[in-house]
Amino acid sequence: MSATSPQRPVLPPDISARKGTDPLVVLTAYTTPMARLVDPHCDIALVGDSLGMVLHGLPSTLGVTLEMMILHGQAVMRGLSRAMCVIDLPFGSYERGPEQAFDAAVRLIRETGAPAVKLEGGVHMASTIAFLTRRGIPVMAHIGLTPQSVNTLGGYKVVGREGEATRVLEDARAVEAAGAFAVVLEKVPVGLAARVTQSLQIPTIGIGAGAQCDGQVLVVDDMLGMFTAFRPKFVKRYADLGAQAETAIATYAAEVRARTFPAPEHGFADSAPGKS
Ligand code: KIV
């Protein structure tokens, strides 16, 4: 945690003020126990719609609903005392227009207590971001690879090579001008991510966008080795908890079948000690 971090819960202006200082640390969290682990070490706990794939086994984030985000947002808020909770607006809950986005964001904030939302999109979402921020809803933007647009993008591809670089820069400037307090850059080439970072006053938070961003975010289940369905190049594995869990479960199953678990110390005597 940064020496400049406040002792009270982190809020969006604290994140914006970190531009050009020490790197922002962000991880996803979807549950209370994971939020408790993330809280002392991270500036932001992101309730990302990646939870659809990671927790619910969906093929993409497109099936995630507002109700799912509220349920997981409430769980995460119960585990946080300091890190700021940001919750994704899921696919279909905001794209129709600013009023729809406002209604969905109000539900997320009112029903979870989280102070901020994230939404995907650049220039075409600028008017929605402005509508929300002018009405007291802090917005983190998400540009580059925007997974909710996987079908129009044609896959989870790098966004911003060659002719696409100008569009990514325009997206970044548009979300900043609209009032976003920070912007996620996903799967953007490292040189372009550095240019975007230099040209904005708000912090950039990279995922697969190189070390020059103002902060980094990863899906916590990816970096812990708990979600192994696929592994993007930008994920570094800091632990192999999935394999450890598999070994533990296999050992338990073998011991139950061999009747070596439970052992005597896991049972209760027929009469309480000290009683006749
Ligand atoms: O849904 C998510 O987890 C995200 C991060 C990958 C940035 O949006």
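Not measured: the values here are computed from a predicted model. As the structure lists them, so they are numbered: ligands from 1, and atoms in each ligand from 1.
A salt bridge does not link D103 to R96: none of the charged side-chain nitrogens sits closer than 4.0 Å to a carboxylate oxygen.
Remark: the backbone N or O of E111 is paired with a side-chain donor or acceptor of Q74 at under 3.5 angstrom.
Near ligand 1, T28, L46, G48, D49, S50, D88, K118, H142, I207, V219 each place a heavy atom less than 4.0 angstrom from the ligand.
Sequence neighbours left out, the pairs with a member in residues 50-78 that pass salt bridge (Lys or Arg N to Asp or Glu O under 4.0 Å) are E67-R107. Every pair tested for ring-ring contact (aromatic ring centres under 6.0 Å, His included) that includes a residue from residues 123-145 fails, sequence neighbours excluded, so the list is empty. Within the structure, salt bridge (Lys or Arg N to Asp or Glu O under 4.0 Å) contacts touching residues 206-222 (residues at least two apart or in different chains) are K19-D214.
The cluster map of Ile, Leu, Val, Met, Phe, Trp and Tyr, joined by side-chain heavy atoms under 4.5 Å apart, puts L51 and V235 in different clusters.
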